[in-house]
Amino acid sequence: MKQAPAAKVSAPDGAERRRLALLRIIAERGGTLAPKPNPEATHGYDFGELDAEVRQDLEFLAGHDYLERRFLDRVTTCPRCSSHHLNLREACPACGSANHVDEPLLHHFRCGYVARISEFDGGDGHGERVCPKCDRALRHLGTDYDRMGQTYLCRQCSTSFQDPPVRALCLACGNDTASGDLLSVDVHSFALTSLGSAAVRSGRLFESAGEFLLIGSLPVYRRSVILELINQETRRLARFKGKFSLLLVRFSEPASDSAAMSAEEKVIQTLADTVRGCDLLGQISAHCFVACLPETTEQGTKRLRERFAKRLGRGAPRFEVLSIEVAEPFDVVARLEQWAGRT
Amino acid sequence: MSELNGLALFVLGFVHPRLVLDSLEALPRLFASLDPVWWLIVIYPVLRFLVPYLVLWCVWLLRPRIVRPPAGAMAERHRPLVSIVIAGRNEADSIAATLDSVLRCGYSNLEIIYVDDGSSDATVAIARRVARQSQPHSQATPCRLRVFTSPRRNGKPSALNIGLSAARGEFIAIIDADCELQFGSIEHWLAPFADPRVGAVAANLRVDNAARNLCTRLQECEYAISVTLARLITSRLGVLAIVPGAGGMFRASIVHGLGGYDTGLGDDTDMTMRLRKGRWRLGYAVDAIVWTRVPVSWRHLISQRTRWERNMVKVRLSKHRDMLRLGRYGFANAALLFDMMLVRVWLPWMAVIAVLIGLMKGPLFVQMVLTDMYWLTAAWMAIKLLIARDIGGTPRHSRLWLALLLPLYRLGLKLLLLIAQAREVLRLGRQHAYVPPHIWQEVPHW
């Protein structure tokens, strides 16, 4: 595994200073920045006292692997004005009115008559029910007559229906929308990655040509780079057959202090020293790393794992290792994301 | 007589010229007589089965608009709301196509009600998916398809009654869950309702899966004759015997007034009889085409026809036998029932008995008569198929040769159906899987 090349470092500009300051704030808040619920906010969540530019910076930092997006919530919004102030209600399928009443249907077995329960009212004041079609008294529910499920009657247009569609009225713009046409927006929190921590420690972002590929202090590729390289390996497999293996390392508990973080880095450095020069090592989430081993079988991976464990010795932080042999092309990246707990 | 001659007699049904001449000489005396056998076995079938078709063909050739009138002005004028009610059970294979055909039938003022009768497969999920997909995006356009489910299986009539209770249309059309509606059919279907005395209109049932095998091809020919063609005649004569459950449209006020369908076997037959008793006219729209799937195996065909035959005995000849009283429900209704008893019960049984007696007394004569009958029937079937092809566009010319098989097909079916008749009359094994047990226990059995 090659080491990070020495890069020319220029002085941070205004945007970079602002982004570094944001990373520091996140580091001070325990490594995570989560939006808070706010009914006044467009999507129902905002970042409190942080200004409006913060969202763009967070997206930039997440896109460049300094932060990791973590799913927090899904907000349903109006497709016309994007407001989340929606009134969801079951509506009449014919006129769209929410003014309907649940009135069950009765079915008389003998003559087959089906009507709303009120039509069977005998009118004697004792609760007797009489079939209006054949004038026979209904004796016992389930024996000679039955209820035909839940049925609604619209008070607006007299349409009866089961399974009413859900419609949403936007309280901001008045738009009435079928529930299926509403928009969904995912709300994320942002967690500092090891690259983000390195940027905080070194006081600069690693955006020069060489640094863009490798994570600052570690000889590992950034998430976006390693995923593209694995994709490329999958495409090569599909074209030329052969196989490759993946070795995944996931730390059980997130590193909370600098000592723990350096212990993690030591593990990854050991892994980098163990793999061959042609192997690729990268980070796919804050605590999950992957080694892509071209032309390697399951037995080869097993030997590598044994060497890795031997070199590591005792006292390393707790982590789990998983190996996958890829012999047929499939969506490897999705599987990795799943394993890394990002989806 | 050599064996070759015997074979020729068998194949050709040879009749000696002398016998023909003797018969011609006897004709004046037979016409002058009051012999019931002559009038009921010879003259009545000729008038019943031959003359109307020839007259229809002549009218078609001279005045085609009388036979196939254009789409009604009523539909063009105010386009009344039409409710299409479909009841089905375990129809996952066909329900999407059925609902899709109705949604795209070209008539705008339409509501579709699908009622599921306790399906155990994916029918409900598919129907709801179609409903969701057809759901309008704006509130201004009402949703055209509504799905109802029954908590348990109650039988087709009860499922239809759920649909009727939810229908808001001025007219209600019933089609089966495995049928498809042809584009533009609703306008033709509505046309006969321009006459306020018309209470229901039968659609023209065409066979969708005719190309499947010989069984379905034969049924296509049968439908061409007894549905497409025969209903043109019976509706004009005011004796249409059935508004089929696979394709029938009703005035909503009448159906609601009757309280919907009665439970038990023969829902469509029973509804037709009740409408006839109410003195409503029944129409037929040859251009309102509903494509139906017929049974693809002989076993299913016999099962279906056995059910129909038992319905005939139970509903027409038993429950509604009072229609025979001339003063009560009118001449046409009495004539219809009389004709049915004669043609579907009395004549077949008499023919069977005559053949049995004949076989005992003179086997060769019976053999000749049967062979003659076969060729006469086959020739007549061929002519009927040609007429059906000419007027209704069905069956294809390439299937006209099936006229040679139709007499045998109908003879075989008829013999099996006579057994079904006998079983129903003798009340043997009456309970049918078509009606759920909890309903069967409650309904009166006629």
Side-chain angles (χ1 to χ4, degrees), chain A residues 79 91-98 103-117 119 131-136 138-140 142-154 156-169 174-182, chain B residues 81 83 111 113-118 124 127-128 131-152 154-168 256-264 267 270 435-444:
Chain A
C92 167
C95 69
S97 167
E103 191 176 6
L105 294 175
L106 286 191
H107 168 222
H108 188 210
F109 295 168
R110 183 182 169 87
C111 66
Y113 191 61
V114 176
R116 288 193 291 277
I117 197 166
E119 284 192 39
C131 175
K133 180 177 174 181
C134 63
D135 288 330
R136 286 174 184 272
L138 308 189
R139 300 190 306 271
H140 186 257
T143 305
D144 64 330
Y145 74 103
D146 214 347
R147 286 168 71 121
M148 304 296 273
Q150 195 176 25
T151 308
Y152 299 89
L153 176 70
C154 177
Q156 203 82 17
C157 67
S158 301
T159 302
S160 56
F161 50 92
Q162 288 179 336
D163 194 27
V166 174
R167 295 190 73 88
L169 177 70
N175 187 34
D176 187 90
T177 319
S179 59
D181 295 335
L182 293 172
Chain B
L81 176 64
S83 303
E111 66 169 10
I113 297 162
Y114 171 69
V115 186
D116 189 83
D117 189 29
V124 177
R128 286 196 170 135
R132 270 197 307 277
Q133 287 168 352
S134 69
Q135 194 175 326
H137 294 276
S138 77
Q139 192 182 334
T141 319
C143 184
R144 297 207 297 168
L145 170 59
R146 284 176 279 153
V147 177
F148 288 77
T149 55
S150 177
R152 66 166 161 171
N154 287 307
K156 188 182 171 191
S158 302
L160 285 172
N161 284 344
I162 296 177
L164 295 179
S165 75
R168 297 172 303 144
H256 290 314
L258 289 172
Y261 288 89
D262 282 358
T263 41
D267 43 88
D270 181 61
V435 183
H438 67 281
I439 301 289
W440 186 269
Q441 284 169 10
E442 289 294 318
V443 296

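To find a chain, count down the sequence lines: A is the first, B the second, and so on, and within it residues start at 1.
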### Options Q150(A), M148(A), R116(A), ranked by heavy-atom pairs under 4.5 Å with chain B, top entry
M148(A)
### Query
Pick from I113(B), L145(B), T149(B): which one has the most heavy-atom pairs with chain A under 4.5 Å?
T149(B)
### Query
Roughly how far, to the nearest 0.5 Å, is CD of Q162(A) from OH of Y152(A)?
9.0 Å
#### Entry: Contact class of L160(B) relative to chain A, heavy atoms under 4.5 angstrom
neither
### Message
Nearest 0.5 Å, please: how far is CG in L138(A) from CG in L106(A)?
### Response
7.0 Å
### Query
In terms of heavy-atom proximity below 4.5 Å to chain B, should S158(A) be classed as side chain, backbone, both, or neither?
backbone
### Task
Under 4.5 Å heavy-atom distance to chain B, tell me which part of D163(A) shows up: side chain, backbone, both or neither.
side chain
### Query
Which of parallel (below 30°), tilted (30 to 60°) and perpendicular (above 60°) describes F109(A) and H438(B)?
perpendicular
### Task
Starting from the C-alpha separation in whole Å, work towards a yes-or-no answer on side-chain hydrogen bond (donor to acceptor under 3.5 Å, both in side chains) for S134(B) and R144(B).
CA-CA 7 Å; S134(B) 69; R144(B) 297 207 297 168; over 6 Å; no
### Query
Under a 4.5 Å heavy-atom cut-off, does chain A meet the side chain of V147(B), its backbone, both or neither?
backbone
### Query
R136(A) versus chain B, heavy atoms under 4.5 Å apart: side chain, backbone, both or neither?
neither
## Note on the structure
Here the pair of heavy atoms bringing R152(B) nearest to S150(B) is O-OG, 2.7 Å
### Message
Taking salt bridge (charged side-chain N to carboxylate O under 4.0 Å, His left out) as the definition, give me every residue that meets it alongside D267(B), ordered by chain and number, with sequence neighbours left out.
### Response
none
#### Entry: Side chain, backbone, both or neither of D146(A) within contact of chain B (heavy atoms, under 4.5 Å)
side chain
#### Entry: Structural part of F148(B) lying under 4.5 Å from a heavy atom of chain A
both
### Query
Does CZ in R147(A) sit with more than 12 non-hydrogen atoms of other residues, nucleotides or ligands closer than 6.0 Å?
no
